[in-house]
K.L.:
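Quick one: the structure is below, and I'll ask about it shortly.
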Number of protein chains: 2
Amino acid sequence: MARTQPTPSLRPTIRDVAAQAGVSVSSVSRVLNREPHISPELHARIMRVVDRLGFEPDSAAQALRSRASNTIGCMVSDISNPLYSEMVNAAEEELQRAGYVLMLGATRHAEERETAFISAVRRRRMDGLLLFAGDNTHKDFTSALATLDLPCVGIDREVPGAPSVRADHRGGGFEVTRYLIGLGHRRIALLTGPAAVLPSTERVAGYRQAHIEAGLEVDLDLVRPQVHGSGIAFSDVCQLLQGPAPPTAIITLGTHMLASVMDALASNGIRYPSDISLVCIGDTDLARHATPAISALTWDLSEIGRIAAKTLLERVRDGDQAQDTRPIYLPTRFILRHSCAEPRAK
Amino acid sequence: MARTQPTPSLRPTIRDVAAQAGVSVSSVSRVLNREPHISPELHARIMRVVDRLGFEPDSAAQALRSRASNTIGCMVSDISNPLYSEMVNAAEEELQRAGYVLMLGATRHAEERETAFISAVRRRRMDGLLLFAGDNTHKDFTSALATLDLPCVGIDREVPGAPSVRADHRGGGFEVTRYLIGLGHRRIALLTGPAAVLPSTERVAGYRQAHIEAGLEVDLDLVRPQVHGSGIAFSDVCQLLQGPAPPTAIITLGTHMLASVMDALASNGIRYPSDISLVCIGDTDLARHATPAISALTWDLSEIGRIAAKTLLERVRDGDQAQDTRPIYLPTRFILRHSCAEPRAK
DNA sequence: CTCAATCATGGAAACGTTTCCAAGAACAAC
DNA sequence: GTTGTTCTTGGAAACGTTTCCATGATTGAG
């Protein structure tokens, strides 16, 4: 954090441009900001000098004076998760096109890093905030966020007073569960993310709903929210398989988790679809190319990222009048492959 | 870009703190910046007010005055590529720990977006720049970069005057090729990224070297640099397989490309390892869990990201004296699985 | 022809920090 | 007791923009 003594800048300032063009500083500013009431001659004269000098206005000075930094914050728990990186990628493209730069804050699920990022957002005068799925029980974070008073958009996350863009995880969970129930399964394990994260909450809700509609009880022991990382699913699956009433079907996340579920099946000598049915949430190369190929629930990640970015930009531009905070839902799609069958007769 | 009229800030400024504590503004600044020669009483009095008011210094003003933004730029072609997102993730962690924020610029392989990002780096007074692998024939970008005069670190990329952190792609390419040659293969296809990107260049060099050491000719028709995206590998593989002298082994990138190579094999009725041998570069869930499992070349992505970030931070802190620009190499590791065999006797 | 409105520009005051400079107090050395 | 140092603090000038206000030149309505 050691600050060094400022050296005289080598870069031309707006004053240099004004001097060389023989006009006032405010005229240069007006030309650069495309304000009305400027004569063509003045415009041409100034732009010539701007080009010749290669003048680029200083963002810090602009932000200081005008209170806008052309910067959007992006808070995500784990950018190395392909689900997130694909959404971030699409969002960044949209923001870049509009002249904004994306500031990335990876929280790694730690609330202190979430609140720290909020502080950075405020100090840096970011113009908007993209909030990706995260633990909604973090109270300190929620209250820090509330003090922010900044255009926000939630992605697979509820944000008080802000719109959100979400895949229909509840509907997806429902559809997959209903499909498995329809095949005759009665003990369906659900391996999903941490319970306090919206997609998981919704997924479990869909799962329950499917059971209720079929008149079945839900055995909560079969619902296994996984802490982050890939190691845990393995032992959970082993435990379920070796328990007194093992599941006949497993629904699991496609990213990270699917691989360790497959490992667990293999090390217990269990094969799909004959011994157990398998569905994964979030399509992956692995799901597509495993043998047999694995049925998967999928949705358009890029589209979510794009819509979120566009929605946020609208709010940034319109200021406070944008009060439509209804969530935007994107459908999921169930891709049937060859990983499911009727359960074995007992 | 429409700027609104600045409203009187609700947030306390350093002046408010000074007034409430009954001290001068410069004293507050000194306390906040941990400068020496401050009496404990003054320190306590100021910090009390800082805490009570929840004062957070404004980054724009700091950047304007001190010419440091505590911001690191990160230029990457495609953040949705798991190879990159994992490195970025590790780098971000390191930077965050040091109090820096990462500004992401995804170029999507377009030179205009590369130069635009350089401009953003300058305008925003970023303190350093992480440059991920990209097309090294982009002259406009190279010259724009040269004018920047900022601490940089290349990742799987050469940057004039700056150190770089790289996996030993040449060694990896050599090792894999030698292994396949050792099995008896004489026609080994190499599907890699665009030729002008360092890892591909190096990989091809290793591939050639292995051929030369074995006294074999290199058939350049077998070396297929792929343009970005996954579609192309499919047709390239089909073309090779259906050609007059099809390869008996394929080396392909693990990310994106492996899946379409497998598709191409399947649709030509060709099975590995019996009909053809297969190795992928960059380990993935798919490589691990395909049947048979696919031998893969791997390396430590997180470590690369961490080292790059640390190296950059050193350079940012030390200013210009850090003149060691030797590349830092990380080893690759070849994981033998069951996707290779001796070529069929003709 | 007058008076007001609009246009086109310039001057200067912000924005919120850091840092230079000055100055008094305390302290040490002679 | 004088004379330098070193501490400790305050005042004020930057940093590079945007934007308010002022001013003279046009224009238009009556």
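Per chain, numbering begins at 1; letters A, B, ... match sequence-line order. Just so you know, these numbers come straight off a predicted model, no measurement behind them.
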K.L.:
Can you sort out the partners of Asn136(B) under side chain to side chain donor-acceptor pair (under 3.5 Å), two or more places apart, ordered by chain and number?
P.N.:
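Once residues adjacent in sequence are excluded, Asn136(B) has no partner under the side chain to side chain donor-acceptor pair (under 3.5 Å) criterion.
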K.L.:
Establish whether the base of dG10(D) is bridged to the side chain of Arg30(B) by a donor-acceptor pair shorter than 3.5 Å.
P.N.:
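Indeed, a donor on one side and an acceptor on the other fall under 3.5 Å apart.
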K.L.:
In whole angstrom, what separates Arg122(B)'s CZ from dG16(D)'s P?
P.N.:
15 Å
K.L.:
Looking at every strand, decide which applies to Val25(B) at a 4.0 Å heavy-atom threshold: base, sugar-phosphate, or nothing.
P.N.:
base
K.L.:
Hydrogens and angles aside, do Ser29(A) and Ser26(A) bring a side-chain donor and acceptor to less than 3.5 Å of each other?
P.N.:
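The answer is no; no qualifying pair exists.
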K.L.:
Does any residue of residues 38-46 of chain B have a heavy atom under 4.0 Å from DNA chain D, and if so, which ones, in number order?
P.N.:
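The answer is Ile38(B), Ser39(B), Leu42(B).
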K.L.:
Looking at residues at least two apart in the chain, or sitting in another chain, which of them share a salt bridge (Lys or Arg N to Asp or Glu O under 4.0 Å) with Glu303(A)?
P.N.:
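Glu303(A) satisfies salt bridge (Lys or Arg N to Asp or Glu O under 4.0 Å) with Arg306(A) only.
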K.L.:
Hey, could you give me each pair passing salt bridge (Lys or Arg N to Asp or Glu O under 4.0 Å) that has a residue in residues 102-113 of chain B? Not counting sequence neighbours.
P.N.:
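Passing the test, one end in residues 102-113 of chain B: Glu92(A)-Arg108(B), Glu93(A)-Arg108(B).
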K.L.:
Over how many whole Å does the gap from Gln62(A) atom CD to dG16(D) atom P extend?
P.N.:
13 Å
K.L.:
In whole angstroms, how far is the C1' atom of dT18(C) from the CZ atom of Arg123(A)?
P.N.:
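Distance check: Arg123(A) CZ to dT18(C) C1' gives 14 Å.
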K.L.:
Partners of Thr311(A) by side chain to side chain donor-acceptor pair (under 3.5 Å), sequence neighbours excluded?
P.N.:
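Side chain to side chain donor-acceptor pair (under 3.5 Å) check on Thr311(A) returns nothing, list empty.
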K.L.:
Which heavy atom in Cys74(A) sits nearest to a heavy atom in Phe132(A), and how many Å separate them?
P.N.:
SG-CE1, 3.5 Å
K.L.:
Any idea which of dG16(C), dT19(C), dT17(D) is nearest the Leu64(B) side chain?
P.N.:
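Nearest to the side-chain atoms of Leu64(B), counting from C-beta on, is dG16(C).
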K.L.:
Students often get this wrong, so: under 4.0 angstrom with heavy atoms, is Ser27(A) touching a base, only sugar-phosphate, or nothing?
P.N.:
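Since only primed, P, OP1 and OP2 atoms lie under 4.0 Å of Ser27(A), the category is sugar-phosphate.
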K.L.:
Could you work out, with salt bridge (Lys or Arg N to Asp or Glu O under 4.0 Å) as the rule, every residue matching Arg166(B), not counting sequence neighbours?
P.N.:
Glu158(B)
K.L.:
Determine whether any donor atom in the side chain of Arg65(A) lies under 3.5 Å from an acceptor atom in the base of dT18(D), or the reverse, and answer yes or no.
P.N.:
yes
K.L.:
If the condition is side chain to side chain donor-acceptor pair (under 3.5 Å), which residues does Arg326(A) pass it with, not counting sequence neighbours?
P.N.:
Asp324(A)
K.L.:
Under 4.0 Å, heavy atoms only, any strand: does Ser26(A) hit a base, just the sugar-phosphate, or nothing?
P.N.:
base
K.L.:
Between dG16(C) and Arg125(A), counting only base atoms on the nucleotide and side-chain atoms on the residue, is there a donor-acceptor pair under 3.5 Å?
P.N.:
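When only heavy-atom distances are counted, Arg125(A) does not reach the base of dG16(C) through any donor-acceptor pair under 3.5 Å.
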K.L.:
At how many degrees, to 10°, do the end axes of the helix from dC1(C)-dG30(D) to dC30(C)-dG1(D) meet when each uses five pairs?
P.N.:
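The angle separating the two end axes equals 30°.
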K.L.:
Name all pairs fulfilling the salt bridge (Lys or Arg N to Asp or Glu O under 4.0 Å) condition that reach into residues 48-63 of chain A, sequence neighbours left out, sorted by first residue then second.
P.N.:
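For residues 48-63 of chain A: Glu56(A)-Arg122(B), Asp58(A)-Arg125(B).
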